[in-house]
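Here is the structure we will look at.
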Amino acid sequence: MKVGKATATIKLKGNYEGTLTKTFTICPKGTTISGKIAAKSKGLTVKWKKQTKSTTGYQIQISSNKKFAKKATVTKTVKKNSTTKLTVNKLKSKKKYYVRVRTYKVVKGKKYCSSWSKSKTVTTKK
């Protein structure tokens with residue numbers, strides 16, 4: 001199935017009458033962070049596995065909070081599905097960060113996202 005919304009209709013026959021219609025949201029296949037995250041001076045570089053089938057791009061979240069609380073989290077968007085690396089600068093030095101990634105696909109102006117990958121940690125350098 002393609003990413004987006006799909007509808008299934010069941011019609012009953014014989015001794016049973018009626019119809020049942022269900023709508024499903026089909027999300028793109030997810031991705032994972034590949035290898036370790038490279039720590040830099042006040043920054044980091046994250047690489048992930050390429051997922052070009054049924055995706056438009058990727059979203060990467062960097063957070064100083066393990067649970068990715070809104071105040072401590074920054075979301076970066078990569079609009080090309082062929083890109084598999086992102087370098088983030090202007091972070092605090094010698095601080096622990098949590099990173100996770102997911103894929104997204106835009107269909108008829110609506111964004112459908114996969115689930116987040118498992119988060120990985122990195123401590124930035126001085």
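None of these values were measured; they are calculated from a predicted model.
Linking Ile, Leu, Val, Met, Phe, Trp and Tyr whenever their side-chain heavy atoms come within less than 4.5 Å leaves L44 and F68 in two separate clusters. Under the 4.5 Å side-chain contact rule for hydrophobic residues, V3 and Y58 do not share a cluster.
Between T55 and K53, the closest side-chain pair of non-hydrogen atoms is not below 4.5 Å. The shortest side-chain heavy-atom distance between T84 and K47 does not fall under the 4.5 Å cut-off.
In this structure, CD1 in I37 is found 8.5 Å from OG in S119, a value given to the nearest 0.5 Å. Atoms NZ and OG, from K125 and S41 in turn, are 9.0 Å apart once rounded to the nearest 0.5 Å.
Minimum heavy-atom separation, A39 to T123: CB-O, 3.3 Å. Across K49 and T31, no two heavy atoms sit closer than the pair O-OG1, 2.6 Å. Residues C113 and P28 come closest through the heavy atom pair C-CD, 4.0 Å. The shortest heavy-atom contact between T73 and A69 is OG1-O, 2.6 Å.
More than 12 heavy atoms of other residues, nucleotides or ligands sit less than 6.0 Å from atom NZ of K120.
Results of the side chain to side chain contact (heavy atoms under 4.5 Å, CB included) test with V78 over T56, V101, I60 single out I60 as the only residue that passes. A side chain to side chain contact (heavy atoms under 4.5 Å, CB included) with V99 is found for exactly one of V46, T121, L86, namely V46.
Within the structure, side-chain hydrogen bond (donor to acceptor under 3.5 Å, both in side chains) pairs that include any residue of residues 16-29 comprise K5-T25 (at least two apart or interchain). For residues 91-112, the pairs satisfying side-chain hydrogen bond (donor to acceptor under 3.5 Å, both in side chains) are Q59-R102, Q61-R100, T103-S114, with sequence neighbours left out.
The backbone N or O of K40 sits nowhere less than 3.5 Å from a side-chain atom of T124 that would complete a donor-acceptor pair. With hydrogens and angles ignored, the 3.5 Å screen pairs a side-chain donor or acceptor of Q51 with a backbone N or O of G30. Put simply, the side chain of T83 never gets that close to the backbone of K85: no donor and acceptor are under 3.5 Å apart.
For T77, there are no side-chain hydrogen bond (donor to acceptor under 3.5 Å, both in side chains) partners at least two apart in sequence or on another chain.
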